[in-house]
Chemist: 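Below is the structure I would like to discuss, written out as structure tokens.
In what follows, chains carry the letters A, B, and so on, assigned in the order in which the sequence lines appear, proteins first and then strands, with residues in each chain numbered from 1. These figures come from a predicted structure and were not determined experimentally.
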Amino acid sequence: MTLRLILTEIESNIKKIIAQHGFREVEFVVELAKPGFGDFTCNVAFLLAKQAGKKPYDIAQIVAEDYKKYLGNYLAKTEAHKSGYLNFHSNQKLNNLIIKASLDENFGFIDIGKKKSVIVEHTSVNPNKALHIGHIRNLVIGDIVVRILKKTNHDVKILNYVDDSGLQVADIIVGFKYGGFSEAPPNEKKFDHYCGDEVYVKTTEKYESDKQFAEYRHKVLQALEDPNSELAKFANIITRKVLAEQLKTCWKMGVYYDCLNFESQIIHSKLWDKIFEMLKKMSLVRFEKEGKNTNCWVIEAQGEEDKVLVRSNGVATYIAKDIPYAAWKLGIIDDPFYYKKYSTQPNGTMLWETTLEKNNNQKLKFSGQKVITVIDSRQTRLQKIITSLITKLKPEKDAYSHLSYESVTLSADTVKAIGHEIEGKQAQMSGRKGIYINADDVIESLEKRIFEEAKKRNTDLANDTLSKIAADVAVGTLRYEMIKQDLDKIITFDLKKSLSLEGDTCSYLQYSYARASRILEKAGSEPKFDSSFELLSTDYETNLLKMIAKFDICINDAANNLSPKVVARFCYDLAVSFNSFYEHVPVLDNDNKEIVNQRLCLVYCFKSTLERALDLLGIATPRRM
RNA sequence: GGGCUCGUUGCACAGCCAGGACAGUGCGGACGCUUGCGGAGCGUCAGGUCGAGGGUUCGAAUCCCUUCGGGCCCGCCA
């Protein structure tokens, strides 16, 4: 039994009462009440007012009276509020219920997915540069959505798409082959940083001044399409070196994958030809004989101009590469790939990669009934076209969905700090122009800052322990900042503000966890749970209990809306409840042993619930910090 | 020009999808709290035409329409 189920029970009882009075069904809700209005509340009286021809308050009184026969289990009384609300007050048994529920190893687990297979694709950074702060938002959102889906019984596979044959890769290959850049980075600089900060930026810069140099670009791009060309082989070596460094950053962030998909292989697999035939047969594409798209194959995009899929010279466009990939993810076309081990990840799981070379490994399956692709909102237009096309190939509702989020921009101060001019309050990042903040650098400066803070407070801890704490808090801080607001809000990243560790930040959450840990450590004995918990009676205690009980309601909401923010809000509200309790209710300093024990149990339940919730966000919980 | 999206206190946000009881939180500002389990904390105060106008409703920050302002996207580039 959980709070969520009590709400469901109240709802069904009220439905019975409504039916007995002969009222039509209305869509009322039963929810947790605001402080001061009991424990649960229902708006049914407002909705019945019209058809009953009575005031909401009068109806609430009738329902409250009728509800009396259902009281007893967890509810002590119900009353009509003069506003019209129907309010419920729980009895002391609720304390016991919440504490016992939170001890269950499956606390928070809800079977929404029924083992449905879901593919989540995220990260997908061009392998020509290091991850910047904007990419971090993508992989953190993707990773947390995966965690939420797993917690709600979905069978999730995680893909990272490697666009190893696009223009951006061609640019660094031009730099290496024709721009005089050494393959070995200076001063042992991380290879992805070197490619992005030096080779890419300076090569694209040179295009502007040297038109002839710019011609190499298309020569290289063409060569990349032929897997046997020397340039393609060279590019393969370079992009894999970059990818390996990028993955180190992802892993550092606690993000892992099941399979890497290489765009070059999708091209070589000829999947496009197959899907193109399907599209032609189904008349989803049209060959233009006149107009501005003469001799092109186009697709209709509702309310917008037609999109070219195949150019008049017969070469497929960018969007045409995404269509077979989307179809492959949903298992609409036969899988042309074999799979080989890329490496074992730091969390112990195997990372696979696609290959076109036949091997004897077991045939793996990385397609699913449902596909979620995490890409920023600038791609919405193209993703809509793909979604509508895929829906015609696989009509199940929401089989393919684009999880969109707003991009991360840089504050004016930050842009100036990295040596660029700026007009206005913020600027879009640009890899080409060198306007970005690398994720590794942010993590590093956060770690330094946190290491010092932790050292001040924990003079007894060794440096490597402090380093571990610094890493946990730094990664958590970055993750939390990336998801605590809604996906459709732009995040303006500011170097200075990003180092803040006070207020609504991850360290506030982790700090409250550390506080709880210390109390349990100092208690000297384990909390005993064979209790009724009727002594937990202050508002601080009952509020904290109610927050704990909201965990599965929160997960339900987060899963249904694919919303990491919902979990972040829950963690914050939970920590606020605890910190308020902590300041006002002494746990250990009490002569009554049973009060001490019951409060210790409460602290224990808070700690384990926060740990589970933070785990959904991929945030670690150090005992000391 | 067309499409999408955001607009809530000095700043950053929650609440909006599933309309209701005093519109919450953080930062910043003013002030207070440690011979108490860690002050990365707790508490008090100041600060709001929920962009504007209309509509639906007994009731709108929330739903609908119009409008203004910011952002993004609209290539036979990727």
Chemist: Just the rounded figure in Å: distance from P of B:U25 to CG of A:Asn579.
Modeler: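 About 15 Å, once rounded to whole Å.
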Chemist: Name the pairs: protein N/O against N/O of nucleotides 57-64 of chain B, kept only if under 3.5 Å.
Modeler:
| unit_1 | atom_1 | unit_2 | atom_2 | d |
| --- | --- | --- | --- | --- |
| B:C58 | OP1 | A:Lys50 | NZ | 3.2 |

Chemist: Would you kindly say whether A:Gln222 and A:Arg217 are connected by a side-chain donor-acceptor distance under 3.5 Å?
Modeler: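 Looking only at side-chain atoms, A:Arg217 and A:Gln222 do not form any donor-acceptor pair under 3.5 Å.
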Chemist: State whether A:Arg449 and A:Glu453 are salt-bridged, where the test is any N-O pair (Lys NZ or Arg NE/NH1/NH2 against Asp/Glu carboxylate O) under 4.0 Å.
Modeler: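 Yes, this pair counts.
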Chemist: Once you measure the plane-to-plane angle for A:His81 and A:Phe37, does it fall in the parallel (<30°), tilted (30-60°) or perpendicular (>60°) bin?
Modeler: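 It falls in the perpendicular class, over 60°.
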Chemist: Taking everything shown except A:Lys280 itself, do over 12 heavy atoms lie less than 6.0 Å from its NZ?
Modeler: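 More than 12 within 6.0 Å, yes.
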Chemist: A:Thr538 and A:Glu541: side-chain donor and acceptor closer than 3.5 Å?
Modeler: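 The criterion, which ignores hydrogens and geometry beyond distance, is satisfied for A:Glu541 and A:Thr538.
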Chemist: Rounded to whole angstrom, note down the P distance from B:G10 over to B:G47.
Modeler: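 Here B:G10 and B:G47 have their P atoms 11 Å from each other.
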Chemist: Calculate the interatomic distance between A:Leu48 atom CG and B:G20 atom C1'; express it in whole Å.
Modeler: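 So the two atoms are 14 Å apart, to the nearest Å.
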Chemist: Find out whether A:Ile144 and A:Val567 are in side-chain contact, i.e. whether some heavy atom of one side chain is under 4.5 Å from a heavy atom of the other.
Modeler: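 Side chain of A:Ile144 against side chain of A:Val567, heavy atoms only: no contact under 4.5 Å found.
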Chemist: Show the nearest heavy-atom pair for residues A:Ile519 and A:Leu588, with the distance to one decimal.
Modeler: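 So the two residues come closest at O-CD1, 4.0 Å.
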Chemist: Rounded to whole Å, please give me the gap between CZ in A:Phe37 and P in B:G20.
Modeler: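 Rounded to the whole Å, the gap is 14 Å.
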Chemist: Using only heavy-atom distances, determine whether the side chains of A:Lys129 and A:Gln246 contain a donor-acceptor pair under 3.5 Å.
Modeler: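 Absent: no donor and acceptor within the cut-off.
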Chemist: What interatomic distance, in whole Å, is found between C1' of B:G32 and the corresponding atom of B:A46?
Modeler: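 That atom pair is separated by 15 Å.
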Chemist: Would you call B:U34 syn or anti, using the 90° rule around 0?
Modeler: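 For B:U34, whose glycosidic angle is within 90° of 0, the conformation is syn.
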Chemist: Side-chain donor or acceptor of A:Asn87 under 3.5 Å from a matching atom on the base of B:A21?
Modeler: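 Indeed there is one.
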Chemist: Test for a donor-acceptor pair under 3.5 Å between the base of B:A12 and the side chain of A:Thr492, counting only N and O atoms.
Modeler: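 Checked by distance alone, the answer is no.
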Chemist: Report which part of the nucleic acid A:Asp557 touches: base, sugar-phosphate, or nothing (heavy-atom distance under 4.0 Å, all strands).
Modeler: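 Touches a base.
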Chemist: Could you tell me whether a side-chain N or O of A:Thr203 sits under 3.5 Å from a main-chain N or O of A:Tyr200, the two making a donor and an acceptor?
Modeler: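 Between the backbone of A:Tyr200 and the side chain of A:Thr203 there is no qualifying donor-acceptor contact (under 3.5 Å).
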Chemist: Measure up the A:Phe606 and A:Phe578 rings against each other and bin them: parallel (under 30°), tilted (30 to 60°), perpendicular (over 60°).
Modeler: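 Plane angle under 30°, so parallel.
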Chemist: For atom C1', what is the distance between B:C33 and B:G71, given to the nearest Å?
Modeler: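 My reading of the C1' atoms in B:C33 and B:G71 gives 44 Å.
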Chemist: Compute whether any side-chain donor of one residue and acceptor of the other, for A:Ser512 and A:Asn579, lie under 3.5 angstrom apart.
Modeler: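 No.
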Chemist: Side chains of A:Glu502 and A:Thr505: do they bring a donor and an acceptor to under 3.5 Å?
Modeler: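 No.
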Chemist: Find the distance A:Glu31:CD to B:G19:P and express it as a whole number of Å.
Modeler: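 That distance rounds to 10 Å.
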Chemist: Quick one: A:Glu27 CD to B:G20 P, roughly how many Å, whole number?
Modeler: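 The distance from CD of A:Glu27 to P of B:G20 comes to 14 Å, rounded to the nearest Å.
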Chemist: Below 3.5 Å between N/O atoms, which protein atoms pair up with nucleotides 44-47 of chain B? Just atom names and distances, please.
Modeler:
none

Chemist: C1' atom, B:C65 versus B:C74: distance in rounded Å?
Modeler: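 Nearest-Å result for B:C65 against B:C74 at atom C1': 26 Å.
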Chemist: Would you kindly give the OH-to-P distance between A:Tyr405 and B:C6, to the nearest whole Å?
Modeler: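 For the pair A:Tyr405 OH and B:C6 P, the rounded distance is 17 Å.
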Chemist: Protein within reach of the bases, or only the backbone? For nucleotides 28-40 of chain B, mark each nucleotide 5' to 3' as B, S or -, using heavy atoms under 4.0 Å.
Modeler: ---------BBSB
Chemist: Stem ranges for RNA chain B, with three or more consecutive Watson-Crick or G-U pairs under 3.5 Å?
Modeler: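 RNA chain B forms these stems: B:1-7 with B:68-74, B:10-13 with B:24-27, B:29-33 with B:41-45, B:51-55 with B:63-67.
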Chemist: Taking atom P in both B:G1 and B:A18, what distance in whole Å separates the two?
Modeler: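 Taking atom P in both B:G1 and B:A18, they lie 33 Å apart.
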Chemist: Do nucleotides 71-78 of chain B as a string where each nucleotide becomes B, S or -: B if the base has a protein heavy atom under 4.0 Å, S if just the sugar-phosphate does, - if no protein is that close.
Modeler: SSBS-BSB
Chemist: Between A:Asp494 (CG) and B:G26 (P), how many Å, whole number?
Modeler: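 Taking atom P of B:G26 as the reference, CG of A:Asp494 is at 21 Å.
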Chemist: Using the ring pair (Phe, Tyr, Trp, His ring centres under 6.0 Å) criterion, which residues pair with A:Phe46? Sequence neighbours excluded.
Modeler: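 Partners of A:Phe46 under the ring pair (Phe, Tyr, Trp, His ring centres under 6.0 Å) test: A:Tyr85.
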Chemist: Could you check how far NZ of A:Lys565 sits from P of B:C6, rounded to whole Å?
Modeler: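 Atom-to-atom, A:Lys565 to B:C6, this comes out as 11 Å.
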Chemist: Between A:Asp306 and A:Arg286, is there a side-chain N and carboxylate O pair less than 4.0 Å apart?
Modeler: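 Yes.
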Chemist: Taking only N and O in the side chain of A:Lys34, is any of them less than 4.0 Å away from OP1 or OP2 of B:G24?
Modeler: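 Answer is no, no contact under 4.0 Å.
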Chemist: If we ignore hydrogens and angles and just use 3.5 Å, is the side chain of A:Gln598 paired with the main-chain N or O of A:Leu535 as donor and acceptor?
Modeler: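 The answer is yes, because a donor-acceptor pair under 3.5 Å joins these two groups.
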Chemist: Could you measure between the two P atoms, the one in B:G69 and the one in B:G55, and give it in whole Å?
Modeler: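 These two P atoms come out 23 Å apart once rounded.
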Chemist: Compute whether any side-chain donor of one residue and acceptor of the other, for A:Asp486 and A:Tyr405, lie under 3.5 angstrom apart.
Modeler: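 Distance-only check fails for A:Asp486 and A:Tyr405.
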Chemist: Going by atom types only, do A:Glu225 and A:His268 share a side-chain donor-acceptor pair under 3.5 Å?
Modeler: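 Checked: A:Glu225/A:His268 side chains show no N/O donor-acceptor pair below 3.5 Å.
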